[in-house]
Amino acid sequence: MALGFGNKNKTNKEEEVPTAKDVDSLSMKNLEEKSQFKEFKEFLKVVVSFTGDLSSLTCPAFFLNGLSLLEYGTYWGDHPTAFQAISKAQTPEERILAICRWFISTLYGSYASRCTDGKYEKKPYNPILGEQFHCTMGDAKCVCEQVCHHPPISAFYLEDEKAGVSLNGHTGQKSKFKGTSIRIEQVGRAVLYLKQYDEQYMIDFPDLLIRGVLTGGAFIELGGSCTIIGSNNTKAVIEFVPKPWFGGEYNHIKGSVYADEKIHYHLSGRWSHQSFYSDAKDDGKKELLFDAEAEPMAERLTAPVDEQSELESHRIWGPVTEALKEKNFKVANKEKTKIEEWQRGVRKQREEIKENWEPKLFKFEKDLDAQNGTEYQKKNYDLKNRIDSKHHLDAGAWTYVHSLHSKQH
């Protein structure tokens with residue numbers, strides 16, 4: 001990674017921001033073709049000087065990964081058996097530990113799976129407003145919808161009806177170039193519901209650092225911490241430990257699992273490899289929590305593209321993705337431009353007829369309205385007030401209109 005750019009008076013090189021002149025001197029050693037060097041450097045010059053949210057920038061087609069960001073909501077269901085197993089845990093402390101196991105199982109797919117076999121992190125498509133994605137993974141079904149465009153917000157829902165487990169969530173990103181990395185604050189929350197116990201658990205999200213951007217070899221490092229807090233007086237706090245400046249490994253975690261305000265378990269290991277738990281009474285003996293390398297991610301089963309609606313991700317982005325697979329970046333840019341022009345026309349038409357667009361699959365439930373809402377909303381409001389890191393949780397929850405908690409018991 002290139003270091004030491006920018007203001008020479010700064011002492012923390014991670015905070016130094018490269019200039020356009022610095023970008024010219026970079027070696028793009030990780031790009032597949034030399035013909036991409038110039039275009040990528042021009043893109044980087046825009047990035048390093050941009051002061052707004054980077055998600056609004058248009059990047060070169062060769063730096064797209066062929067996935068809509070909306071599909072990232074499916075990573076919560078990467079391991080359906082871990083999701084299902086939560087409802088089988090008998091005691092509150094066993095359930096919060098099972099939730100930690102499932103949560104850790106979601107991280108590899110979300111943040112590391114696209115950087116295997118010599119590949120690097122690339123930019124997903126920006127979902128269009130109203131875009132949808134539907135799939136099943138094992139016994140779990142997943143539904144996603146792009147519910148807002150400014151700022152961009154993706155809502156997702158995961159359900160295993162037989163096991164009585166569901167997850168509502170939404171996420172948005174605030175990204176800025178910081179030093180030699182892109183820092184992303186993930187705004188939103190996820191709420192897990194267990195029908196058998198009528199329990200809810202609120203989860204917040206880690207911050208992301210996209211490293212290696214300046215060499216064309218980007219990868220994600222997680223930062224900060226996540227809190228999982230339950231309506232049954234349980235809690236888990238997982239800290240993402242940054243790699244030391246010299247030596248060491250990426251993706252370490254440490255954490256504690258509480259029930260009735262007592263620590264029951266400690267967590268350790270690497271979320272991208274093996275993670276462990278140990279009983280607080282016998283901290284020397286570690287048990288395997290999850291092995292990301294040993295358990296393959298679930299296959300996403302979707303309807304054939306010709307049977308999907310025009311607003312489903314694979315139908316929308318299919319031509320772009322096919323062109324990317326063939327490395328025909330000229331065609332990919334052309335197809336992507338068609339989609340963008342189509343959306344501009346749709347927005348203009350809505351403005352002319354003064355139509356307010358509403359999501360079809362999700363509704364926004366404001367925290368401030370919880371007192372007059374359902375028991376589910378009241379529990380969410382209480383959990384938000386008790387969670388440790390409130391600043392990224394948003395002002396309410398996007399909830400699937402046919403959520404498990406709203407069905408007749």
Side-chain angles (χ1 to χ4, degrees), residues 55 67-77 124-137 140-161 165-173 186-193 300-321 336 338-367 369-370 373-374 376-377 380 394-408:
S55 63
L67 289 172
S68 172
L69 183 60
L70 187 66
E71 290 186 55
Y72 285 31
T74 66
Y75 290 124
W76 292 92
Y125 308 133
N126 290 333
I128 69 170
L129 186 64
E131 182 177 330
Q132 298 176 13
F133 187 80
H134 303 259
C135 72
T136 58
M137 294 170 284
K141 73 170 186 179
C142 187
V143 179
C144 308
E145 184 178 24
Q146 191 69 10
V147 293
C148 188
H149 192 64
H150 294 295
I153 297 174
S154 302
F156 53 87
Y157 179 72
L158 185 69
E159 178 189 294
D160 186 326
E161 187 172 16
V165 188
S166 68
L167 180 78
N168 272 291
H170 73 278
T171 183
Q173 291 79 33
Q186 297 196 94
V187 179
R189 65 181 78 170
V191 179
L192 183 78
Y193 170 72
R300 278 85 169 138
L301 298 179
T302 61
V305 173
D306 58 1
E307 294 179 16
Q308 296 179 14
S309 76
E310 67 170 7
L311 286 176
E312 291 190 53
S313 298
H314 289 179
R315 182 83 174 265
I316 294 167
W317 299 104
V320 187
T321 303
K336 183 168 169 286
K338 282 183 187 177
I339 296 168
E340 291 165 348
E341 289 177 348
W342 167 43
Q343 284 304 288
R344 279 193 286 270
V346 170
R347 284 197 297 271
K348 184 178 179 182
Q349 186 178 31
R350 287 192 186 119
E351 289 171 2
E352 288 174 352
I353 64 176
K354 296 181 180 180
E355 176 186 78
N356 290 322
W357 180 85
E358 294 288 340
K360 290 182 171 59
L361 305 176
F362 290 82
K363 58 185 177 181
F364 190 67
E365 297 177 336
K366 294 181 181 178
D367 293 325
D369 295 338
T374 63
Y376 179 85
Q377 290 174 268
N380 277 356
D394 213 342
W398 284 97
T399 304
Y400 182 53
V401 293
H402 303 299
S403 290
L404 184 66
H405 71 267
S406 63
K407 297 175 183 178
Q408 292 293 325

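Computed from a prediction, not measured in an experiment: that's the story for all the values here.
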### Task
May I ask you to check whether S166 and Y400 show a side-chain donor-acceptor distance below 3.5 Å?
no
### Residue pair W342 / E310: nearest heavy atoms and the distance that separates them
CH2-O, 4.2 Å
### Query
Closest approach of R300 and C135, non-hydrogen atoms and distance?
CG-SG, 3.8 Å
### Close side-chain approach of L311 and I128, heavy atoms under 4.5 Å
yes
What pairs of donor and acceptor atoms, side-chain ones from residues 351-365 against any protein atom, are under 3.5 angstrom apart with sequence neighbours left out?
{"residue": "E355", "atom": "OE1", "partner": "R350", "partner atom": "NE", "Å": "3.4"}
{"residue": "E365", "atom": "OE1", "partner": "T399", "partner atom": "OG1", "Å": "3.3"}

### Message
Evaluate I316 against S68 for side chain to side chain contact (heavy atoms under 4.5 Å, CB included), listing each step before the verdict.
### Response
CA-CA 10 Å; I316 294 167; S68 172; over 6 Å; no
### Query
Can you find a heavy atom in the side chain of Y125 that is under 4.5 Å from one in the side chain of L70?
no
#### Entry: Chi angles and distances behind the salt bridge (Lys or Arg N to Asp or Glu O under 4.0 Å) call for K366, D394
CA-CA 9 Å; K366 294 181 181 178; D394 213 342; over 6 Å; no
#### Entry: From Y376 atom OH to H405 atom NE2, the distance as rounded to the nearest 0.5 Å
5.0 Å
### Task
State, yes or no, whether a side-chain contact exists between E159 and H402 at a heavy-atom distance under 4.5 Å.
no
### For H134, ring-ring contact (aromatic ring centres under 6.0 Å, His included) partners two or more places apart
none
### Query
Have E131 and W317 got a donor and an acceptor in their side chains that come within less than 3.5 Å?
yes
### Message
Do Q308 and T302 make a side-chain contact, defined as non-hydrogen atoms from C-beta onward lying under 4.5 Å apart?
### Response
yes
### Message
If you apply the rule side chain to side chain contact (heavy atoms under 4.5 Å, CB included), what do you find for Q173 with L69, and how did you get there?
### Response
CA-CA 11 Å; Q173 291 79 33; L69 183 60; 3.4 Å; yes
### Query
Are the side chains of L404 and E161 in touch, meaning some heavy atoms are under 4.5 Å apart?
yes
### Query
Hey, are the side chains of V191 and L167 touching, using non-hydrogen atoms and a 4.5 Å cut-off?
no
### Message
Do I153 and T171 make a side-chain contact, defined as non-hydrogen atoms from C-beta onward lying under 4.5 Å apart?
### Response
no
### Query
Would you call Y157 and C142 a side-chain contact if the rule is heavy atoms closer than 4.5 Å?
no
### Query
Who are the ring-ring contact (aromatic ring centres under 6.0 Å, His included) partners of H149, not counting sequence neighbours?
none
### Query
When the ring planes of W76 and F156 are compared, do they come out parallel, tilted or perpendicular, using 30° and 60° as the limits?
parallel
### Task
Indicate whether the side chain of S154 and that of Q146 have a donor and an acceptor atom separated by less than 3.5 Å.
yes
### Message
I'd like to know if the side chain of E312 and the backbone of S309 have a donor-acceptor N/O pair within less than 3.5 Å.
### Response
yes
### Message
Can you tell me how far apart OH (Y75) and CE (M137) are? Round to the nearest 0.5 Å.
### Response
11.0 Å
### Query
Counting N and O atoms only, with roles assigned by atom type, does the side chain of T374 sit under 3.5 Å from a partner on the main chain of Q377, one being a donor and the other an acceptor?
yes
### Query
Could you state the interatomic distance from CG (L158) to CG (N168), rounded to the nearest 0.5 Å?
10.0 Å
